[in-house]
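Right, one structure below, let's go through it.
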Amino acid sequence: MLEKIANRIKITEKALDAAWLRNEAISQNIANVDTPGYKRKTVEFEKYLDGALDGFKLKGNVSNEKHIPIGRIDAEKLEIKAVSDNRGLDYRIDGNNVDIDNEMASLAKNTIRYNMLVETLNAGLRRIKSAISEGRR
Amino acid sequence: MGYLDSIDIGASALTAQRLRMDIISQNIANINTTRTDKGTPYRRKLVVFEERSPSAPFSTYLSESSKKIIGKGVRVARIAEDESPFKKIYEPGHPDADENGYVFMPNVDIVAEMVDMISATRAYEANVTSINSAKDMAMKTLQIGK
């Protein structure tokens with residue numbers, strides 16, 4: 001049970017890392033809104049998480065440490081990747097594909113997501129604390 | 001990925017946009033200047049922005065962490081001069097008029113400068129917002145485990 005919560009905390013940690021890096025990418029995009037030829041940067045994480053979740057329906061029991069875990073997300077293997085987005089080249093004459101309104105919206109979204117993830121993480125930690133104190137407070 | 005890199009990125013953009021604003025002010029201030037050190041009327045100046053690439057050691061590019069390289073913000077590569085022709089106006093009484101009574105005026109377009117100024121202000125504000133959000137996130141991080 002504790003292991004389950006611990007794994008969930010690890011995944012949340014990864015998601016927090018991704019949100020942090022994404023904030024950096026959005027800051028970089030906003031900073032370079034007037035730089036000719038600049039290509040916006042994005043962070044890929046959710047699609048890797050989705051890919052990991054796809055195998056979630058089938059569950060395998062792990063009775064030996066050498067078993068490959070089936071249906072459990074291995075938090076260590078989740079990828080976070082910063083990539084350049086080359087789409088939307090015809091948006092502006094100077095070859096820059098940053099849309100400032102889009103970036104501001106993403107910034108707000110990302111901050112809210114980060115706060116939400118911190119709350120999730122805290123809830124997980126509180127549960128462990130509660131278990132340690134045998135449910136008394 | 002360094003801790004609080006987002007704030008440095010935002011700050012670099014604030015510096016760049018402020019310099020852009022200084023140059024715009026210089027252009028507007030010199031809209032009627034017919035004499036400079038070079039002997040020509042004032043030429044419109046403009047800033048050239050450039051992305052500040054990450055200054056990571058080579059070993060970083062070989063390792064896992066190369067996936068997390070974002071960049072270091074923006075910087076002003078150089079201050080260029082607008083090479084478009086000067087405006088020629090007829091004003092025989094002007095001390096800098098040629099024998100036909102024409103004066104060459106700076107190639108500064110006041111409307112373009114005003115629009116540029118608004119654009120610089122908005123970009124500055126956007127970067128202030130991005131710094132604030134990075135700050136909020138960092139403060140929220142301190143709440144983990146509370």
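Worth saying up front: this structure is predicted, and the values here are computed from it rather than measured. Residue numbers start from 1 in every chain, and the chains themselves are labelled A, B, ... in the order their sequence lines are given, proteins ahead of strands.
Interface residue B:Ala138: backbone and side-chain heavy atoms are both found under 4.5 Å from chain A. Both the backbone and the side chain of B:Glu51 come within less than 4.5 Å of a heavy atom of chain A. Heavy-atom distances place both the backbone and the side chain of A:Ile80 under 4.5 Å from chain B. Neither the backbone nor the side chain of A:Leu117 comes within contact range of chain B; no heavy atom of the residue lies under 4.5 Å from a heavy atom of that chain. In this structure, the portions of A:Ile30 lying under 4.5 Å from any heavy atom of chain B include both its backbone and its side chain. Neither the backbone nor the side chain of B:Arg122 comes within less than 4.5 Å of any heavy atom in chain A. Looking at A:Lys41, the atoms closer than 4.5 Å to chain B (heavy atoms on both sides) all sit in the side chain, from C-beta outward.
For the set A:Leu125, A:Asp34, A:Ile26, the count of heavy-atom pairs under 4.5 angstrom toward chain B peaks at A:Asp34. When the candidates B:Gly73, B:Ala120, B:Ser133, B:Ala77 are compared by the number of heavy-atom contacts under 4.5 Å with chain A, B:Gly73 comes out ahead. Between chain A and the residues B:Ala123, B:Ala13, B:Ala126, B:Ala134, the largest count of heavy-atom pairs under 4.5 Å involves B:Ala126.
In terms of modelled atom types and a separation under 3.5 Å, the side chain of B:Asp5 and the main chain of A:Glu24 share no donor-acceptor contact. A donor-acceptor pair under 3.5 Å links the side-chain atoms of B:Arg43 to the main chain of B:Ser84, judged by distance alone.
The residues A:Arg126 and A:Glu119 are annotated as not salt-bridged, no charged nitrogen and carboxylate oxygen being separated by less than 4.0 angstrom. A salt bridge links B:Arg20 with B:Asp116: the distance from a Lys NZ or Arg NE/NH1/NH2 to an Asp or Glu carboxylate oxygen falls below 4.0 Å.
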Open item on the list: One pair to check against side-chain contact (heavy atoms from CB on, under 4.5 Å): B:Ile79 and B:Leu46. What are the steps and the verdict?
Closed with: CA-CA 6 Å; B:Ile79 296 168; B:Leu46 46 108; over 6 Å; no
Task: Verdict with supporting geometry, A:Thr42 and A:Asp85, side chain to side chain donor-acceptor pair (under 3.5 Å) - done: CA-CA 7 Å; A:Thr42 54; A:Asp85 180 6; 5.4 Å; no
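Among the candidates B:Asn27, B:Asn107, B:Thr33, B:Thr36, the single residue satisfying the side-chain hydrogen bond (donor to acceptor under 3.5 Å, both in side chains) test with B:Tyr42 is B:Asn27.
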